[in-house]
Amino acid sequence: MKYFLEQEFNKLYNKDAHNAYFSPGRVNLIGEHIDYNGGLVMPCAITFGTYLLVSPNNDNVFRFKSLNFEDALEIPVQADYVKTGESWFNYPLGVIEQFLKDGHPVKGYDFLFYGDIPIGSGLSSSASIEVVTGFALNDLMDSGYSKLDLVKLAKSVENNFIGVNCGIMDQFAVAFGEKNKALMLNCDTLDYKAVDTNLGDYILAIINTNKPRKLAESKYNERVQECQAALTALQQELDIQYLCDIDAATFEQHKHLITDAIIYKRAKHVIEENDRVKLAAVALSSNNLAEFGRLMYASHDSLRDLYEVSGKELDTIAEYSKTDANVAGARMTGAGFGGCGIALVKESAFDDFSEKMIDYYTHKIGYAPSVYSSLIGNGVGLLAAFATDDTLKGKG
Ligand code: GLA
């Protein structure tokens, strides 16, 4: 891949790239829509992701090109930037804007991006592109950010430049992911543990609904506000900072504080989902995949009925999975409203699962999903340093 991209870089820019970087996408095993409520989540980095080849230029401009999209941007180096339209290059531009805001002058660079995360699949292509850009600039300019600083910077781009009030899970997962490990991340303290994803006879399947995601961003922000409303109501009696500061039993005792039925459902999902993650961690560490799978289905049902971020496409994935004896559990993953589902499938039955899932889904929805068997990979990193001059640190 790297060699193909080197050639492409050379064709587009008439020179060699200095460095190549890679940042993965992610799936979340369980703990959905609770990162912005101070909850526990269990994401893993996947082996699909975003490649970035980059080289400085002397033209005082940033050039953003991608092999995935037609649109490209060339923009002078200036004091600040605003988001323009909905183009993909807003993500790297937002990262540069944050570097500038933090007082790190950025010189001109030529960037070439290539991603193999299916577009619009909810596997965090945006976090992946933000984190790879931040990581590359930090590396090239010795800006002194830690990996955690870069995660926070990328989240802030998403919140303030792009306008999605997301939590920190995606950026954290794509930066800190480890091969064959899930991250048990506490989104309040940002403490985390990389735990073995020992799935025994099972593998993780990713099922892309291939549904174009439309209202996702505005609905997402609406859910964030609804959680805030629930928190404010509970704070009348409880000294808490986040919804996930209480468990389901405490919530039961104080639920009268929430008078709006919709807000009540949102809070119930969040608090019970957080409890489920704790149980899932125990199940995973004791190789109890049947229990882990049960919790996945329960998570899906709650996202469908209480949090209302699923939809008939994602529901169909969970629905088929329940009928297949080779599946331990399945659920939607990520923000929802389309995107992907995941399922724990017996490795020996993966092809059969894939075929039957495609048939069932196509019959019900009218078009086919894509089914992948996923590998859990590493977080962001340098792939290669091609530069031989002194203007950049040589690494290899
Ligand atoms: C999106 C957001 C994350 C998280 C998930 C839902 O992926 O970017 O911060 O909230 O949705 O769990």
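Since the structure is predicted, the reported quantities are computational estimates derived from the model, not experimental observations. In listed order, ligands and their atoms are each counted from 1.
We find that K152 and D149 are not joined by a salt bridge, their nearest charged nitrogen and carboxylate oxygen being 4.0 Å or further apart.
Against a heavy-atom cut-off of under 4.0 Å, Y36 is close to the following atoms of ligand 1: 10 (O). Near Y220, meaning under 4.0 Å from any of its heavy atoms, are these atoms of ligand 1: 1 (C), 2 (C), 3 (C), 4 (C), 9 (O), 10 (O), 11 (O). Taking every heavy atom of R26 and a limit of under 4.0 angstrom, the matching atoms of ligand 1 come to 7 (O). Heavy-atom contacts of D170 reach the following atoms of ligand 1: 1 (C), 2 (C), 3 (C), 7 (O), 8 (O) (cutoff under 4.0 Å). Counting the atoms of ligand 1 from 1 in the order shown, those under 4.0 Å from a heavy atom of M169 are 4 (C), 5 (C), 12 (O). Using a 4.0 Å cut-off to heavy atoms of D35, the atoms of ligand 1 that qualify are 3 (C), 4 (C), 9 (O), 10 (O). Near G334, meaning under 4.0 Å from one of its heavy atoms, ligand 1 places the atoms 6 (C), 11 (O). The G167 neighbourhood of ligand 1 comprises atoms 9 (O), with distances under 4.0 Å to a heavy atom of that residue.
Criterion: ILVMFWY side-chain heavy atoms under 4.5 Å apart, direct or through other members. Under it, L199 and V282 are not part of a common hydrophobic cluster.
Using a 4.5 Å heavy-atom cutoff, the side chains of N208 and Y372 are in contact. Side chains of I34 and Y242 form no contact here, defined as non-hydrogen atoms less than 4.5 Å apart.
Residue E32 has at least one N or O atom closer than 3.5 Å to an N or O atom of ligand 1.
Considering W88, F69, Y51 as possible partners of F113, the one that fulfils the ring-ring contact (aromatic ring centres under 6.0 Å, His included) test is W88.
Y264 has its ring centre less than 6.0 Å from the ring centre of F251. For F89 and F62, the distance between ring centers is not under 6.0 angstrom.
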